[in-house]
Chemist: 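One structure, pasted below without further comment.
Residue numbering restarts at 1 for every chain, and letters A, B, ... go by the order of the sequence lines.
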Amino acid sequence: MFKPPELPPYVEQVFDIVDLIPPGRVMAYGDIAEVIGSGGPRQVGTAMAKYGGAVTWWRVIRADGGFLAGHEREALEHYREEETPLRADGSRVDMARARWSPADGPE
DNA sequence: CTCTTGACGCCGG
DNA sequence: TCCGGCGCCAAGA
């Protein structure tokens, strides 16, 4: 019998938050760690590195709005599709406008 | 047990 | 604005 993949509790908590992020909006690794209330940006980053493929990974980026290294092209496609606010030069997300938190409420 | 390694973040220069 | 340095913190060697 094959076992359904069981994710570490911390990873599930990260996924729960990521699933709440509305299209066109993003959250920083540190933001997610803060909502969970434990661990730090690096823990969230590690979780995403291992299992991120199962969720909307492009909505989770660094606090400075930089695209995920190695997946810039794919990420940009999603941002164009979701109309995520980008900076004038289009090289990164406009955090001032796109940054979201559960407290902002669903859209 | 110590040392290294990250999908990070902040602060100077 | 760009870059380097350092702090952070859990997991693995």
Chemist: What nucleic acid atoms does A:Ala28 come within less than 4.0 Å of, heavy atoms only: base, sugar-phosphate, or nothing?
Modeler: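 Contact class for A:Ala28: sugar-phosphate only.
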Chemist: Nearest 0.5 Å, what's the CG-CG distance between A:Asp104 and A:Leu20?
Modeler: 12.0 Å
Chemist: May I have the distance from A:Gln13 (atom CD) to C:dA10 (atom P), rounded to whole angstrom?
Modeler: 14 Å
Chemist: Just the rounded figure in Å: distance from P of C:dC8 to CD of A:Glu34.
Modeler: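 Taking atom P of C:dC8 as the reference, CD of A:Glu34 is at 17 Å.
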Chemist: Rounded off to whole Å, could you give me the NZ-to-P distance for the A:Lys50 and C:dA11 pair?
Modeler: 9 Å
Chemist: Provide, to the nearest angstrom, the distance between the OH atom belonging to A:Tyr29 and the P atom belonging to C:dG7.
Modeler: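 Interatomic distance, OH of A:Tyr29 to P of C:dG7: 23 Å.
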Chemist: In whole angstrom, give the distance that lies between atom CG of A:Asp31 and atom P of B:dG9.
Modeler: 8 Å
Chemist: Measuring from A:Met95:CE to A:Met27:CE, what's the distance to the nearest 0.5 Å?
Modeler: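 Interatomic distance, A:Met95 CE to A:Met27 CE, rounded to 0.5 Å: 9.5 Å.
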Chemist: Under 4.0 Å between any heavy atoms, over every strand shown, what does A:Gly30 touch: base, sugar-phosphate, or nothing? Just pick one.
Modeler: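 Sugar-phosphate contact only.
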Chemist: Can you tell whether the side chains of A:Arg25 and A:Glu82 come within less than 4.0 Å, N to carboxylate O?
Modeler: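 Salt bridge: no.
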Chemist: Are the charged groups of A:Asp64 and A:Arg62 less than 4.0 angstrom apart, N to O?
Modeler: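 Counted as a salt bridge, because a side-chain N and a carboxylate O are separated by less than 4.0 Å.
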Chemist: Please check if the distance between the ring centroids of A:Phe15 and A:Tyr51 is under 6.0 Å.
Modeler: no
Chemist: Heavy atoms from C-beta onward define the side chain here; which of B:dA7, B:dC8, C:dA10 lies closest to that of A:Gln43?
Modeler: C:dA10
Chemist: Tell me which residues in residues 58-96 of chain A put a heavy atom below 4.0 Å from DNA chain B, sorted by number, or none.
Modeler: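 The answer is A:Arg62, A:Ala63, A:Leu68.
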Chemist: Whole angstrom is fine here: how far is it from CZ in A:Arg42 over to P in B:dG6?
Modeler: 10 Å
Chemist: Measuring centre to centre across the rings, with the benzene-like ring taken for any Trp, is A:His71 within less than 6.0 Å of A:Trp57?
Modeler: yes
